[in-house]
K.L.:
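Attaching a single structure in structure tokens format; questions to follow.
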Amino acid sequence: MIETPRLPGLTLADADRLVASALEVAAERQFPPLAVAVTDVSGAVIVLRRADGGMPMTSRIAVAKARSALLTLRPSGDLKLPGPIVDSIQHLYDGDFIPFAGGVLVTENGVILGAAGASGAHALEDEEAVQTAVDRWRESRSRAE
């Protein structure tokens with residue numbers, strides 16, 4: 001049997017922890033129901049969950065915010081562009097570019113492992129939930145070493 005290579009980066013267990021943590025943060029801080037997505041470095045979804053009561057559209061937006069962070073190599077809301085340029089980028093990436101807060105990179109020692117995105121609350125609350133989850137995940141990994 002031929003062993004299939006795997007992309008470097010996040011495991012399913014990592015992605016599950018990140019999503020669960022972001023949903024816990026949202027509940028603790030009484031944010032509206034969120035959808036949270038974690039992608040690998042290629043932008044493919046590893047885990048996507050939407051809290052009970054969350055709007056269906058938030059799932060696609062959470063994925064798009066994570067992919068936007070990967071495309072820009074920074075949090076999704078950090079790149080300020082004029083509307084026509086945003087429209088062009090959205091067209092180029094089939095709508096998977098959302099220039100609003102809520103998508104963050106998951107890194108370790110300066111290397112991108114994937115991205116996390118959230119949608120459902122105010123954009124800054126979306127970002128707070130996923131960034132806190134990434135920070136907690138990173139802390140738990142450093143304690144384990």
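In this text, all values refer to a predicted model and were calculated from it rather than measured experimentally. Heavy-atom basis, side chains included; hydrogens, waters and symmetry copies ignored.
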K.L.:
Answer whether the closest heavy-atom distance between the side chains of Thr58 and Leu34 falls below 4.5 Å.
P.N.:
no

K.L.:
If you take all heavy atoms of Pro32 and Gly120, which pair is closest and at what distance?
P.N.:
CB-O, 3.6 Å

K.L.:
Between atom CZ of Arg17 and atom CZ of Arg136, what is the distance when rounded to the nearest 0.5 Å?
P.N.:
14.0 Å

K.L.:
Can you measure from CG (Leu105) to OG1 (Thr72) and round to the nearest 0.5 angstrom?
P.N.:
7.0 Å

K.L.:
Given the rule that I, L, V, M, F, W and Y join up when any side-chain heavy atoms are under 4.5 Å apart, are Val106 and Val19 in one cluster?
P.N.:
yes

K.L.:
Closest approach of Gly9 and Asp14, non-hydrogen atoms and distance?
P.N.:
O-OD2, 4.4 Å

K.L.:
If I take atom CG from residue Leu23 and atom CZ from residue Phe31, how far apart are they, to the nearest 0.5 angstrom?
P.N.:
12.0 Å

K.L.:
Start with the C-alpha gap between Glu108 and Arg141, add the side-chain angles, then the distance that decides, and say whether salt bridge (charged side-chain N to carboxylate O under 4.0 Å, His left out) holds.
P.N.:
CA-CA 9 Å; Glu108 187 172 58; Arg141 285 178 64 94; 2.8 Å; yes

K.L.:
Cluster question for you: counting only ILVMFWY and a side-chain heavy-atom cut-off of under 4.5 Å, with indirect links fine, are Met57 and Val63 together?
P.N.:
no

K.L.:
Can any side-chain N or O of Arg50 pair as donor or acceptor with the backbone N or O of Ser59 at less than 3.5 Å?
P.N.:
no

K.L.:
Main chain of Leu18, side chain of Ser21: is a donor-acceptor contact present, judged purely on distance under 3.5 Å?
P.N.:
no

K.L.:
If we ignore hydrogens and angles and just use 3.5 Å, is the side chain of Asp16 paired with the main-chain N or O of Ala13 as donor and acceptor?
P.N.:
no

K.L.:
Check Glu24, Glu128, Glu125 against Arg29 for a salt bridge (Lys or Arg N to Asp or Glu O under 4.0 Å) and give me the one that passes.
P.N.:
Glu128

K.L.:
Atom OG of Ser119 and atom CE of Met55: how far apart are they, to the nearest 0.5 Å?
P.N.:
6.5 Å

K.L.:
Is the side chain of Arg138 donor-acceptor paired with the backbone N or O of Thr107 at a distance under 3.5 Å, no angle test?
P.N.:
yes

K.L.:
Looking at every non-hydrogen atom in both residues, tell me the closest pair between Val41 and Leu70 and how far apart they are.
P.N.:
O-CD1, 4.0 Å

K.L.:
What residue among Thr39, Asp40, Ile46 forms side-chain contact (heavy atoms from CB on, under 4.5 Å) with Leu10?
P.N.:
Ile46

K.L.:
Same hydrophobic cluster for Leu12 and Leu48, using side-chain heavy-atom links shorter than 4.5 Å among ILVMFWY?
P.N.:
no

K.L.:
Of all heavy-atom pairs between Val25 and Ala129, which one has the smallest distance, and what is that distance?
P.N.:
CG1-CA, 3.8 Å

K.L.:
Taking Gly95's backbone N and O only, do any of them form a donor-acceptor pair with Gln90's side chain (distance below 3.5 Å, no angle check)?
P.N.:
no

K.L.:
State the OH-CG distance between Tyr93 and Leu71, to the nearest 0.5 angstrom.
P.N.:
5.0 Å

K.L.:
Taking Ser68's backbone N and O only, do any of them form a donor-acceptor pair with Ser76's side chain (distance below 3.5 Å, no angle check)?
P.N.:
no

K.L.:
Return the minimal non-hydrogen interatomic distance between Val38 and Ala15, and the atom names on each side.
P.N.:
CG1-CB, 3.7 Å

K.L.:
Would you find more than 12 non-hydrogen atoms of other residues, nucleotides or ligands less than 6.0 Å from Gln30 atom CD?
P.N.:
no

K.L.:
Give me the atom names and distance for the closest heavy-atom approach of Glu127 to Ala101.
P.N.:
OE1-CB, 3.2 Å

K.L.:
How far does CD1 of Ile89 sit from CG of Leu92, to the nearest 0.5 angstrom?
P.N.:
8.0 Å

